[in-house]
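Each chain gets a letter, A, B and so on, in the order its sequence line appears, and its residues count up from 1. What you see is a predicted model, and the numbers here were worked out from it, not measured in a lab.
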2 protein chains.
Amino acid sequence: MDIRKFLLSTFLFDSFSEKEIDLLVNFASIKKVNKGEQIFSEGQEASAFFIVISGKVKIYKLSPDGKEHTLHIHGKGETVAEAAIFDSMDYPASCMAIEDSVLVRISREGILSLIRKYPELAFKMMSGYSRRLRQFVQKIEELSLKDIKSRLAGYLLENSFEEGGALIYNLSCSKKEIASLLGTIPETLSRALAFLKQKNLISEKNNTIIIKDPEKLKLFSG
Amino acid sequence: MDIRKFLLSTFLFDSFSEKEIDLLVNFASIKKVNKGEQIFSEGQEASAFFIVISGKVKIYKLSPDGKEHTLHIHGKGETVAEAAIFDSMDYPASCMAIEDSVLVRISREGILSLIRKYPELAFKMMSGYSRRLRQFVQKIEELSLKDIKSRLAGYLLENSFEEGGALIYNLSCSKKEIASLLGTIPETLSRALAFLKQKNLISEKNNTIIIKDPEKLKLFSG
DNA sequence: CGTTGCGTTGATCTCTATCAAAAAAGGTGG
DNA sequence: CCACCTTTTTTGATAGAGATCAACGCAACG
C-alpha cells in the first residue's frame, strides 16, 4: 500500500499538494493490527491519530464495573481519535481492531508542528471537513425527506458520466450494495429501477444504466 | 452584554489574550433575533459564522414540498455554521431562532485571518468538526436503520443527565422541534413517548422526562 | 448437473405520514 | 379569578411507502 496515494484519497488530505504530502509522510506510518488487538487505551496520552485503510476498529469505553460500551465503529477511510489530538492530552476512550486491519498512524506532534509552520494546511484540512460535512447533510436530507425513487434518481445523476453523447452509469458494484448506499434493500431498489424504466427515463444493459432523459430524471429527483 | 467577556467564555477563544480579543472584536458583532426569525438560508453565500450567546437556534433543511428536517439545535456557547465558511461556498442548510436569541456574528474574512495568525485556533475548530462529523454519521445510521421508538430512546439517553440519582431529560424546547430533530412529526413522537411510558421505561412531569429504566431503554435503542 | 448467490417479482404486513378533531396548556384582557 | 383565544399536544382513523417473507429465474462454478 502506497501511503502517499492513500493519504491523497482521504477527505482530510485530498487537497494537499505532492510537496505537502511529503511533509506529512514524515510523521505518518503504517500500522497493521490483528483482530482483537488494542490500538490505544482510555487515559493514555494521545500521541497520534489514525485513518483506517482496511478492516474495522471499535471505539469503546469500559464502565467501572467492567462492562464495555461501544461508542463507534470506524471502517475504511474514516479517521480515528483526531478530536483527541486537537483538543485534549489523553484518549477519552479505547480502541481495538474488530477485524484484521491496516491503519495510517499520524503523530500528534507531527501534525501540530506542521500546521503551526504552514497554517494553510489547516485551511485545507478544514475545507476537507467542510466538504465531508456537506455530504452528510445532503445524505441526511435525502434519507429523511425524499422517497426511494427520488433518491435513486439523484444517485444516478450524481454518479453518471457522459460517453458518446449519452449519460451512462456503470454498475460497478452489486445492487445489494447500492441498495444499502441508498438506505434501502435490494427488493425495493429493484422495484424503483423497474419504475424508472417503465417511465422510460432509463434503460439497463450489460451492467450499465443508460439515462435516457436526464431532464425528467432531474425533475424526479426533486 | 459585553462581547469581549462573552468571547472569552467560548471554547474557541477562551485562551485569547486581551490583545487578541481586540483583534477579534473587529470582525465580530452582536446580532439579536426574535423567535422565528431567519438567521441565514440554505444557498446564501456563507459570509459569517455565529456563536450563540443566549436563546436557541435550529439548523434545518426544507424539502421542495415544504417538509422540514432539523439537523441541530444549538444553545448557549455553541458555534453555528463554522464549517460552512471554509470552502467559500454557500450555507448548506438554513438557520432560524426558535427562541429570542442573541448571537455573535464573526465574519468569514475575520476568522480566516485570525487562523493565519493563530494556527492554534484551527486545532480547536477541527476538534469541533470531528465531533460534528461523528454526530452526523450516527444520525445517518439511525435514520436508515432504526424506527422512531429506538431513535427516541437513543436520543433520550444521549441527552439526559443525572440529577439526584435519577436520569432526567429536560424538555427545553417544544416537542415539535424534537420531532423534527428525530426526523418525524409531533403526532408520531407523541405516540412513541406514550409507548415508552406505557412500557414503564420513562415518565413525564413538568417539562421533564424521567428515565426510569436506563438499562431497558438502552436495549430498546438497539 | 446440483449448488450457491444475486436479482426480480408477488403477496402481505408494519410503520409512519396524513387528515381530522379533541384535549391540554398558555397567554391576555377584563 | 375567569372567560376567551391561540398554540401545543394528544388521540383516532386511514392510506401509502417500503420492509419482509417466499418463490422463481438465471448465471457462475465446482
Side-chain angles (χ1 to χ4, degrees), chain A residues 140-156 169-199 202-209 220-222, chain B residues 34-36 56 58 60-70 73 96-100 140-156 169-199 202-209 220-222:
Chain A
I140 290 171
E141 176 190 16
E142 292 186 343
L143 280 175
S144 62
L145 305 172
K146 291 183 180 173
D147 64 14
I148 294 281
K149 290 165 189 164
S150 318
R151 271 154 39 204
L152 174 58
Y155 174 80
L156 288 175
Y169 171 80
N170 221 299
L171 282 162
S172 52
C173 54
S174 72
K175 294 193 177 171
K176 201 162 114 185
E177 288 184 79
I178 296 171
S180 170
L181 254 153
L182 293 173
T184 185
I185 56 173
E187 291 96 319
T188 303
L189 171 62
S190 176
R191 286 183 243 266
L193 279 167
F195 175 85
L196 293 180
K197 284 174 200 162
Q198 182 249 311
K199 289 270 176 193
I202 63 171
S203 65
E204 184 176 354
K205 190 165 63 170
N206 297 348
N207 267 352
T208 302
I209 289 174
F220 222 95
S221 77
Chain B
N34 297 319
K35 176 175 172 175
K56 282 202 171 67
K58 67 176 172 189
Y60 64 99
K61 292 270 293 189
L62 278 182
S63 72
D65 56 336
K67 271 189 291 186
E68 177 181 321
H69 181 134
T70 301
I73 291 177
M96 177 184 284
I98 60 175
E99 295 175 4
D100 293 352
I140 289 170
E141 264 171 29
E142 292 187 344
L143 280 175
S144 57
L145 42 96
K146 287 185 182 174
D147 64 13
I148 295 281
K149 289 166 190 166
S150 317
R151 293 195 323 246
L152 174 59
Y155 173 80
L156 289 174
Y169 170 80
N170 220 300
L171 282 162
S172 56
C173 52
S174 74
K175 295 190 178 170
K176 198 166 101 187
E177 302 293 349
I178 295 170
S180 178
L181 203 54
L182 292 174
T184 186
I185 57 174
E187 291 97 316
T188 303
L189 171 62
S190 176
R191 286 183 241 268
L193 278 167
F195 174 85
L196 293 179
K197 284 174 200 162
Q198 181 248 313
K199 289 273 175 192
I202 63 172
S203 64
E204 184 177 355
K205 192 166 59 173
N206 296 347
N207 269 350
T208 301
I209 289 174
F220 221 95
S221 77

* To the nearest 10 degrees, how far apart in direction are the end axes of the helix from C:dC1-D:dG30 to C:dG30-D:dC1, each fit to five base pairs? -> 40°
* To do: Please find the earliest and latest nucleotides of DNA chain C, in the 5' to 3' direction, that have an atom within less than 4.0 Å of any heavy atom of chain A.
  => C:dC6 to C:dA11
* **Closest heavy-atom pair and its distance - B:H69, A:L145** => CB-CD2, 3.9 Å
* Asked: Does B:S63 have any side chain to side chain donor-acceptor pair (under 3.5 Å) partners at least two apart in sequence or in another chain, and if so, which?
  -> B:D65
* Structure fact -> Hits for side chain to side chain contact (heavy atoms under 4.5 Å, CB included) against B:S144, two or more places apart or cross-chain, chain-then-number order -> A:L143
* Check each residue of residues 170-180 of chain A for a non-hydrogen atom within less than 4.0 Å of any atom in DNA chain C, then write out the ones that pass by number, or none. => A:S174, A:K175, A:K176
* **Base-contact (B) and sugar-phosphate-only (S) positions in nucleotides 12-30 of chain D, heavy-atom cut-off under 4.0 Å, - elsewhere** => BB----SSBB---------
Using residues 172-192 of chain B as the side-chain source, report each donor-acceptor pair under 3.5 Å to any protein atom, sequence neighbours left out, with the distance given to one decimal.
{"residue": "B:S174", "atom": "OG", "partner": "B:E177", "partner atom": "N", "Å": "3.3"}
{"residue": "B:K175", "atom": "NZ", "partner": "B:E204", "partner atom": "OE1", "Å": "3.2"}
{"residue": "B:K175", "atom": "NZ", "partner": "B:E204", "partner atom": "OE2", "Å": "2.6"}
{"residue": "B:S180", "atom": "OG", "partner": "B:T70", "partner atom": "N", "Å": "2.8"}
{"residue": "B:S180", "atom": "OG", "partner": "B:T70", "partner atom": "OG1", "Å": "2.6"}

* Pairs involving residues 146-156 of chain A, ordered by first then second residue, that meet side-chain hydrogen bond (donor to acceptor under 3.5 Å, both in side chains) (sequence neighbours left out) -> A:D147-A:S150, A:Y155-A:Y169
* To do: Just jot down the side chain to side chain contact (heavy atoms under 4.5 Å, CB included) partners of A:N207, sequence neighbours excluded, or say none.
  => A:L171
* Looking at side-chain heavy atoms only, is the closest gap between B:K58 and B:E68 below 4.5 Å? -> yes
* Give a yes or no answer on whether the side chain of B:D100 reaches the backbone of B:K35 with a donor-acceptor pair at less than 3.5 Å. => yes
